[in-house]
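Order of appearance sets the numbers: ligands from 1, and atoms from 1 within every ligand.
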Amino acid sequence: MGYQEAYDKLEKYGQLHVLKYFEDLSGYEKEELIAQIENTDFEVLKQCGNKGELNPRGKITPIDVMQLPEINAKRDEYTKIGLEAIKEGKVGAVLLAGGMGTRLGSDAPKGVYNIGLTKDVFIFQRLVENLMDVVRQADAWIPLYVMTSDKNHETTTSFFKEKEYFGYNPDYVTFFMQDMAPASDYNGKVYMEEKYKMSTSPNGNGGWFLSMMKWGVVDKIKAAGVEWLNVFAVDNVLQRIADPCFVGATIATNSAVGAKVVKKNAPDEKVGAMCLEDGRPSIVEYYEMTEELMNATDAKGEPAYNFGVILNYLFREKDLEEIAARKLPLHIVEKKIPYLDENGMPVKPESPNGYKFEQLVLDMIHELDSCLPYEVVRNYEFAPIKNKTGVDSVESARELCKENGIEL
Ligand code: UTP
């Protein structure tokens, strides 16, 4: 792309201010900025104006959840099926680690955060240790795909190298990067982070499969015969990954996707709840839970939307290819965005000053025909680290690790 094309693209989206400092830039910086303009999807910025009407919901009704008594009755059968699939190399794990972890307040990637008290216990290390349990049980390495972003790729990959992959086999670890999206003020004008660089933010965890395609990872997966991908978040330090029983249950029930869920600790807990939406599997976000939904009961008289997702899903790879081209809903989230003020001076805001634009993995569920919500024991598998203290924090996760006999 040349200067004129970049100019035309910006003009089309009302973003010409991006070129304000162009004349002052070095040759290299000019090239950088033009390349960024070429690679940026400004279309999302147009959505600022209709934020409220972005994602209208269909009719929400309860979904059947496979609960613990049923799982326990079939545990051996499902575990056998799952272990076979893992041994045959049909199961891969995808670690979503492209987020900014702003609530935790560290500039480093969340996975390098040390939750240890008497020794080093990094978040990445906890996840690898959990995966190693299954590697030992199946006596087979499980391919691990790690999604990073432009903001943390270097630090993440060097950290894994420096720590020798925490004992994992590096031949089975692949890194790929997600895309970035422009970050804007409340009027949809993209902020400048540097005179030669627009402010950007990772574009949400919903683009992971498209990014895998873009990086050629999907081709590798297919060549290797991987049929199932267990996608999981970086911040739940207790979750079981490539859990054989979960894998077996999803395969045995011929589901397009399995979703690990926990019983909610209160009707208004801040987790998305599994449901049907217009008859298809879906997730209703906690802020969408009306009084009516919170009080609703199912046929057995139990709370109807009582199971929350923990961002641990097992997707069937071929179904992902089918839905890959579909557009997921866009989520617009308020955020603190570093920017240059009108005098070109950098500002690090203390409170939100604009929007980031994201697509979310949970919206992929609604695109699929069938989903198995699969209950796991909450205190055994759910210790998310979102904050430093309080709810879903380093403190609460440490308590839960202790409860599960994990030395910190
Ligand atoms: P969160 O929703 O907790 O977001 O991500 P975050 O960016 O990590 O943290 P905050 O909101 O800034 O405090 C849930 C999971 O999705 C991943 C995160 O790394 C985490 O594993 N994620 C999120 C991505 O991989 N990419 C994104 O763009 C956003």
Side-chain angles (χ1 to χ4, degrees), residues 41 44 93-113 122-124 126-128 130-131 144-153 155-157 159 175-183 199-212 214-215 217 229-239 241 259-260 270-272 283 285-287 308-313 315 328-338 349 351-352 354-365 382-394 396-397:
D41 173 12
V44 290
V94 183
L95 165 55
L96 301 177
M100 299 274 281
T102 44
R103 282 170 286 174
L104 189 58
S106 156
D107 282 339
K110 212 184 236 186
V112 313
Y113 197 89
F122 303 100
I123 291 182
F124 280 140
R126 275 272 58 251
L127 299 173
V128 171
N130 288 349
L131 187 56
L144 172 64
Y145 309 99
V146 183
M147 183 166 86
T148 61
S149 84
D150 188 44
K151 304 258 184 207
N152 67 18
H153 186 78
T155 332
T156 303
T157 50
F159 189 71
F175 295 93
F176 66 100
M177 265 161 91
Q178 70 173 99
D179 284 342
M180 305 296 284
S199 302
T200 55
S201 185
N203 68 346
N205 55 29
W208 65 274
F209 191 71
L210 280 181
S211 298
M212 276 181 121
K214 197 165 150 184
W215 277 65
V217 184
L229 290 170
N230 186 188
V231 175
F232 62 101
V234 71
D235 47 34
N236 178 5
V237 290
L238 280 186
Q239 67 192 314
I241 304 153
K260 284 198 170 185
K270 288 187 172 175
V271 293
I283 288 149
E285 288 274 28
Y286 69 90
Y287 51 81
V309 285
I310 61 169
L311 216 176
N312 188 311
Y313 304 106
F315 287 97
L328 292 178
L330 189 68
H331 296 258
I332 302 184
V333 188
E334 277 199 59
K335 197 189 165 230
K336 296 181 217 166
I337 305 159
S351 52
Y355 294 133
K356 66 173 174 176
F357 300 83
E358 294 192 323
Q359 289 181 326
L360 302 180
V361 61
L362 59 82
D363 286 318
M364 294 170 97
I365 305 296
F382 190 44
I385 297 179
K386 300 288 183 193
N387 309 295
K388 250 199 180 114
T389 56
V391 178
D392 296 344
S393 67
V394 180
S396 59

Checking heavy atoms under 4.0 Å, the part of L311 that sits near ligand 1 is side chain
So for A97 against ligand 1, with non-hydrogen atoms under 4.0 Å, the contacting part is backbone
Purely on distance, is any nitrogen or oxygen of [X] under 3.5 Å from one on ligand 1?
X	answer
G204	yes
Q178	yes
F232	no
A233	no
V234	yes

Which residue and atom name correspond to the protein heavy atom nearest [atom], and how close is it?
atom	answer
atom 5 (O) of ligand 1	K386 NZ, 4.2 Å
atom 21 (O) of ligand 1	L96 O, 2.6 Å
atom 23 (C) of ligand 1	G99 CA, 3.6 Å
atom 7 (O) of ligand 1	M100 N, 2.9 Å
atom 25 (O) of ligand 1	G98 N, 2.9 Å

- prompt: Taking atom types as modelled and ignoring hydrogens, do the side chains of N312 and N230 form a donor-acceptor contact shorter than 3.5 angstrom?
  reply: yes
Ignoring hydrogens and angles, state whether a donor on the side chain of Q359 or N203 is under 3.5 Å from an acceptor on the partner side chain. no
Atom CG of D107: over 12 foreign heavy atoms under 6.0 Å: no
